[in-house]
*Asks:* 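Attaching a single structure in structure tokens format; questions to follow.
This structure is a prediction, so every number in the text was calculated from the model and none was measured.
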Amino acid sequence: MATTEHPPSRLRGWMLQGLSDMGKRGGLTGPHAEPEPPHRGQRWWRVMCLTGVDYFSTLGYQPGIAALAAGLLSPLATIVLVVVTLAGALPVYRRVAQESPHGQGSIAMLERLLSFWKGKLFVLTLLGFAATDFLITITLSAADASTHLVENPHLTGTLGGHQMLITLILVALLGAVFLKGFLEAMGVAVALVGIYLALNLVVVITGLWHVLTAEHVVTDWANALTVQHGSIFAMIGVALIVFPKLALGLSGFETGVAVMPHVQGDAGDTEEHPAGRIRDTKKLLTTAAVIMSCFLITTSFITTLLIPAAEFKPGGQANGRALAFLAHEYLGNAFGTVYDVSTIAILWFAGASAMAGLLNLMPRYLPRYGMAPHWARAVRPMVIVFILIAFLVTWLFDANVDKQGGAYATGVLVLISSAAIAVTIAARKAGQRGWTIGFGVISAVFLYTTVANVIERPDGVKIGACFIAGIMLVSLLSRLARSFELRVTSVAMDPMAERFVRDMASRKIRFIANEPDNRDRAEYRDKIEQIRTDNDMPEQEDFVFVEVTVADPSEFETCLTVRGEVLHNRYRVLTVESSSIPNALAALLLHVRDLTGRTPHIFFEWTEGSPFANFLRFFLFGQGEVAPVTREVLREAEPDRARRPRVHTG
């Protein structure tokens with residue numbers, strides 16, 4: 001395609017670097033990208049560390065949030081969380097890994113269940129909540145990292161009162177790394193997770209030792225529970241009620257599925273049947289869930305029993321850093337500082353993982369829908385957009401971990417609920433009655449948890465609604481702006497279609513655009529007579545009809561397969577299936593021009609009705625006023641007027 005463009009400025013070239021490569025291998029970059037060589041990857045336990053920087057890093061703030069939400073009942077409520085994790089979220093995502101082994105996740109599973117615009121709008125809604133999840137991961141992790149800095153005994157005098165500034169600097173630093181170019185850092189993730197879990201294990205063992213050696217601690221806790229709640233059944237009931245507030249401990253499963261393409265699998269795996277990758281991803285998910293469950297229970301137990309309740313509240317030394325508080329209190333400031341550094345590093349890297357997830361998630365869907373501006377295919381402009389949004393969220397929530405917990409939990413719970421519903425439907429379609437009932441119950445639990453969390457903390461829905469509204473507005477405006485793009489990725493013609501084209505190439509190539517009706521002899525005879533009369537053409541001119549059937553008009557890009565047939569022993573017809581009639585016709589004309597070296601002509605009749613109404617029909621349903629839109633698509637695709645196929649309307 002010939003184009004005349006001015007050389008881009010140095011800044012523009014740098015910002016849009018790699019734009020032309022974004023469509024290759026799915027256009028994904030960063031830690032969640034598909035590996036370039038097929039069937040090569042990393043051992044599952046190494047990939048677990050990549051998702052673990054997101055999942056395990058929640059230990060930095062989860063015990064404190066649990067203590068604030070459940071008080072003395074925090075260990076019991078955490079046990080409920082662990083049961084839901086192991087008996088609910090884990091089976092769901094093991095099934096997601098089986099059904100969607102290329103990292104698309106539950107959103108892709110639900111996308112396949114819904115067609116046309118309702119499917120696209122549903123996916124955009126889920127993308128809004130996914131954006132909430134990832135963006136709040138960035139801001140919450142940065143806020144908690146700054147809390148560990150500010151509350152460190154060696155730094156509190158210097159950095160005290162500057163948590164907002166420190167959080168913004170950490171977020172900006174994250175953006176700077178991605179602007180420079182974020183390379184996959186599997187080895188860094190393994191080191192961070194290994195060190196962080198080892199330090200946490202030391203803190204947990206030390207905390208348990210102090211609990212067991214100080215006999216009054218357990219007794220005092222048990223007595224206080226009895227005074228507050230009376231019976232064990234009352235305690236269990238309250239634990240079930242407050243459990244939704246602890247939903248942050250469920251984060252990480254969606255990321256675990258997203259990194260599936262990195263899992264090595266077996267030598268005999270194929271992209272269609274990656275049995276080894278699926279098996280090892282299930283190991284990854286199970287191992288991560290078991291490790292996290294053990295840490296959740298033990299850390300909740302020791303922090304609740306060893307830390308005074310007042311220290312968990314805003315302004316307290318354990319707020320957002322309960323385990324760090326114990327590390328300093330029982331192992332000394334030197335060890336505590338090492339623990340702080342490790343926590344800050346893994347929290348920051350969790351933000352990097354979330355940023356990579358955002359950069360991977362949007363290109364996975366929006367470009368296919370035509371719902372992203374051209375520059376959104378490049379990494380750097382999107383990094384700037386996400387960092388600016390992260391700045392806004394940090395400012396709105398005052399860089400406070402507790403205030404962001406509701407929004408984060410909402411994003412996590414909506415994604416897990418959608419995954420549970422997706423696997424329930426998949427099990428039902430597979431005729432697995434037992435799994436259908438089981439996944440149905442799990443779906444009900446997560447839906448209850450989501451609703452309870454929304455009622456208790458509506459901030460998450462408000463933030464999610466803002467992201468959903470923003471994504472839909474930008475997506476629809478982008479789709480509108482890109483309506484006249486060619487939108488056809490390839491054209492293939494069967495032997496009969498090629499025979500028609502090559503036969504006409506010896507004369508003039510003349511097509512008639514026809515909307516198929518009865519497809520009887522009279523329809524084609526009358527159409528030819530009308531075209532000849534409207535354009536004052538002699539009878540000896542021959543034509544080939546082109547008929548486009550609209551499949552799913554909500555799709556943006558499409559591949560054309562052109563089939564030729566002879567109807568009524570006389571009329572040559574090319575049939576095409578596409579998401580848009582004008583774009584398909586324009587692509588066919590350009591393909592015929594390149595195939596034959598001749599300029600093709602196509603003839604239309606004007607469509608009756610309001611031009612605005614016809615444009616809406618084109619935008620939403622791929623039909624409408626076909627002739628002028630076809631001409632506009634050709635003008636956009638071929639700036640050289642001399643080489644442009646001719647459009648005639650009568």
*Asks:* Looking at every heavy atom in both Leu135 and Phe386, which two are closest together, and how far apart are they?
*Replies:*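 Taking Leu135 first and Phe386 second, the nearest heavy atoms are CD2-O, 3.6 Å.
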*Asks:* Can a salt bridge be assigned to the pair Glu638 and Arg644 using a cut-off of 4.0 Å between side-chain N and carboxylate O?
*Replies:*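 Salt bridge flag = no for Arg644 with Glu638.
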*Asks:* Between Thr533 and Glu529, is there a donor-acceptor pair closer than 3.5 Å when you use the side chain of the first and the backbone of the second?
*Replies:*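 Such a contact is found between Thr533 side chain and Glu529 backbone.
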*Asks:* What are the two closest heavy atoms between Ala430 and Arg95, and how far apart are they?
*Replies:*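 That would be CB-NH2, 4.2 Å.
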*Asks:* Indicate yes or no: at least one non-hydrogen side-chain atom of Thr575 is less than 4.5 angstrom from one of Thr549.
*Replies:*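 With C-beta onward as the side chain, the pair stays apart.
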*Asks:* Under a 4.5 Å cut-off applied to non-hydrogen side-chain atoms, are Arg646 and Ile509 in contact?
*Replies:*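 Arg646 does not reach Ile509 side chain to side chain.
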*Asks:* Could you give the distance from CG (Leu168) to CH2 (Trp395), rounded to the nearest 0.5 Å?
*Replies:*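 Spacing of CG (Leu168) from CH2 (Trp395) equals 11.5 Å.
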*Asks:* Taking CZ in Arg499 as the centre, count heavy atoms belonging to other residues, nucleotides or ligands within less than 6.0 Å. Is the count above 12?
*Replies:*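 No, not enclosed.
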*Asks:* Out of Phe543, Phe603, Phe511, which residue meets the ring-ring contact (aromatic ring centres under 6.0 Å, His included) rule with His648?
*Replies:*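 Only match with His648 under ring-ring contact (aromatic ring centres under 6.0 Å, His included): Phe603.
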*Asks:* For the residue pair Phe391 and Ile387, establish whether any side-chain heavy-atom pair is separated by less than 4.5 Å.
*Replies:*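 In short, these two side chains touch, coming nearer than 4.5 Å.
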*Asks:* Taking all non-hydrogen atoms of both residues, which atom of Leu595 and which atom of Arg502 are closest, and how far apart?
*Replies:*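 Taking Leu595 first and Arg502 second, the nearest heavy atoms are CD1-NH2, 3.6 Å.
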*Asks:* Measure the spacing between CZ of Arg641 and CG of Leu634 and express it to the nearest 0.5 Å.
*Replies:*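 Between atom CZ of Arg641 and atom CG of Leu634 there are 12.5 Å.
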*Asks:* Could you state the interatomic distance from CG (Leu589) to OG1 (Thr630), rounded to the nearest 0.5 Å?
*Replies:*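 Spacing of CG (Leu589) from OG1 (Thr630) equals 8.0 Å.
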*Asks:* Could you check whether any side-chain heavy atom of Val96 comes within less than 4.5 Å of a side-chain heavy atom of Val423, counting everything from C-beta outward?
*Replies:*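 Counting from C-beta outward, Val96 and Val423 do come under 4.5 Å.
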*Asks:* In plain terms, say whether Glu565 and Arg519 are close enough for a salt bridge, that is, a side-chain N and a carboxylate O under 4.0 Å apart.
*Replies:*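 Yes, charged N to carboxylate O under 4.0 Å.
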*Asks:* Only one of Arg510, Arg572, Lys508 passes salt bridge (Lys or Arg N to Asp or Glu O under 4.0 Å) with Asp503; say which it is.
*Replies:*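 Filter result, single survivor: Arg572.
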*Asks:* Between Leu560 and Ala584, what is the shortest heavy-atom contact and its length?
*Replies:*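 Smallest interatomic distance, heavy atoms only, reads CD1-O, 3.5 Å.
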*Asks:* In the structure I gave you, are the side-chain heavy atoms of Leu590 and Arg593 within less than 4.5 Å of one another anywhere?
*Replies:*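 They are in contact (side-chain heavy atoms under 4.5 Å apart), so the answer is yes.
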*Asks:* Roughly how far, to the nearest 0.5 Å, is CZ of Arg563 from CD of Glu547?
*Replies:*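 Glu547 CD to Arg563 CZ: 13.5 Å, rounded to 0.5 Å.
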*Asks:* Please work out which of the three classes, parallel, tilted or perpendicular, describes the rings of Tyr93 and Phe253, given edges at 30° and 60°.
*Replies:*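 Answer is parallel, since the angle falls under 30°.
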*Asks:* In Å, rounded to the nearest 0.5 Å, how long is the span from OH of Tyr571 to CG of Asn569?
*Replies:*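 One gets 11.0 Å once the value is rounded to the nearest 0.5 Å.
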*Asks:* I'd like to know whether Met504 forms a side-chain contact (heavy atoms from CB on, under 4.5 Å) with Val592, so could you lay out the CA-CA distance, the side-chain angles of the two residues, the decisive distance to 0.1 Å, and finally the verdict.
*Replies:* CA-CA 10 Å; Met504 286 193 300; Val592 169; over 6 Å; no
*Asks:* Do Thr139 and Ile136 come within less than 4.5 Å of each other through their side chains, counting heavy atoms only?
*Replies:*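 Yes - at least one pair of side-chain heavy atoms lies under 4.5 Å apart.
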*Asks:* Measure the shortest side-chain to side-chain distance between Trp348 and Leu173 over non-hydrogen atoms and say whether it is less than 4.5 angstrom.
*Replies:*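 The answer is yes; the side chains approach within 4.5 Å.
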*Asks:* Can you name the nearest heavy-atom pair linking Leu574 to Gly564, along with the distance?
*Replies:*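 Closest pair (atom of Leu574, atom of Gly564, distance): CD2-CA, 4.0 Å.
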*Asks:* With a cut-off of 6.0 Å (strictly less than), are more than 12 heavy atoms of other residues, nucleotides or ligands near NE2 of His568?
*Replies:*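 Yes, NE2 of His568 has more than 12 neighbouring heavy atoms, counting only those of other groups under 6.0 Å.
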*Asks:* Of the non-hydrogen atoms in Leu585 and Ala513, which two are nearest, and what is the gap between them?
*Replies:*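 So the two residues come closest at CD1-CB, 4.2 Å.
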*Asks:* Distance from Phe604 atom CZ to Asp534 atom CG, nearest 0.5 Å?
*Replies:*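 So the gap between those two atoms works out to 13.5 Å.
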*Asks:* Does any non-hydrogen side-chain atom of Val573 lie less than 4.5 Å from one of Phe500?
*Replies:*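 No, too far: nothing below the 4.5 Å cut-off.
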